[in-house]
Amino acid sequence: KVKNARPGDYDLVLMDVQMPVMDGYEATRQIRALADPALAGITILAMTANAFDEDRKKAMECGMDGFLSKPIVVEELIDTLQNNLS
């Protein structure tokens, strides 16, 4: 969706880390490699049930901007959105 979007179509991506065809880490790498800097630089937040430090580290290493563990805590979601969209 991001690859075929125009800059400004999306404000951020809530990236599920565990997807069946392409995991969220690879999807993030592919978004970061897009030729259009506005699309490549979109805010990407990991969403996963895996809440270990190594999961957070892997998300940041592949280019994600933030990390949310499931189940989502509304206050944490709001804080993360404010920190990344300001």
Side-chain angles (χ1 to χ4, degrees):
K1 290 287 190 177
V2 174
K3 178 181 172 183
N4 297 317
R6 295 174 310 199
D9 281 354
Y10 298 104
D11 292 322
L12 74 125
V13 174
L14 296 174
M15 183 68 74
D16 189 350
V17 171
Q18 297 174 337
M19 298 184 291
V21 175
M22 178 187 307
D23 69 30
Y25 303 118
E26 181 58 28
T28 298
R29 285 186 206 84
Q30 289 192 22
I31 291 170
R32 295 298 184 228
L34 293 173
D36 185 328
L39 295 175
I42 192 167
T43 299
I44 302 175
L45 304 178
M47 294 186 71
T48 181
N50 299 332
F52 300 108
D53 286 338
E54 63 257 17
D55 299 305
R56 183 180 302 274
K57 182 179 177 188
K58 188 173 181 180
M60 298 304 122
E61 286 174 350
C62 76
M64 294 187 192
D65 300 293
F67 185 92
L68 295 164
S69 60
K70 298 178 196 173
I72 298 298
V73 176
V74 174
E75 293 80 12
E76 184 179 323
L77 171 64
I78 291 169
D79 186 49
T80 302
L81 291 172
Q82 288 175 334
N83 288 337
N84 284 278
L85 295 177
S86 297

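Under the 4.5 Å side-chain contact rule for hydrophobic residues, Val2 and Val17 share a cluster. Linking ILVMFWY residues whenever their side-chain heavy atoms come closer than 4.5 Å, directly or via other members, leaves Tyr10 and Leu45 in distinct clusters. Under the 4.5 Å side-chain heavy-atom criterion for ILVMFWY residues, no single connected hydrophobic cluster contains both Met47 and Val13. At a threshold of 4.5 Å between side-chain heavy atoms, the hydrophobic network of Ile, Leu, Val, Met, Phe, Trp and Tyr places Leu34 and Ile44 in one connected group.
Screening Lys58, Glu76, Met60 for a side chain to side chain contact (heavy atoms under 4.5 Å, CB included) with Phe67, the sole residue that qualifies is Met60.
Side-chain atoms of Asp16 do not come within 3.5 Å of backbone N or O of Met19 as any donor-acceptor pair. No donor-acceptor pair closer than 3.5 Å links the side chain of Arg56 to the backbone N or O of Phe52. With Asp9 contributing its side chain and Arg6 its backbone, the two residues share a donor-acceptor pair below 3.5 Å. No donor-acceptor pair under 3.5 Å is formed between the side chain of Arg29 and the backbone N or O of Gly24.
Considering only heavy atoms from C-beta on, Leu68 comes within 4.5 Å of Leu77 through its side chain. Side-chain contact between Ser69 and Asn50 is absent, with no heavy-atom pair separated by less than 4.5 Å.
With a 6.0 Å radius and a threshold of 12 heavy atoms from other residues, nucleotides or ligands, Lys3 has its NZ atom at or below the threshold.
Across Asp65 and Ile42, no two heavy atoms sit closer than the pair OD2-O, 3.6 Å. Heavy atoms only, all atoms of each residue included: Gly63 and Thr28 are closest at C-CG2, 3.8 Å. Nearest approach of Ala27 to Met15, heavy atoms of both residues: CB-CE, 3.8 Å. Across all non-hydrogen atoms, the minimal contact from Asp55 to Tyr25 is O-OH, 4.0 Å. Smallest separation of non-hydrogen atoms from Asp11 and Thr43: O-CB, 4.1 Å.
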Give the C-alpha distance, both sets of side-chain angles, the deciding distance and a yes or no for side chain to side chain contact (heavy atoms under 4.5 Å, CB included) between Glu26 and Asp23. CA-CA 6 Å; Glu26 181 58 28; Asp23 69 30; 3.6 Å; yes
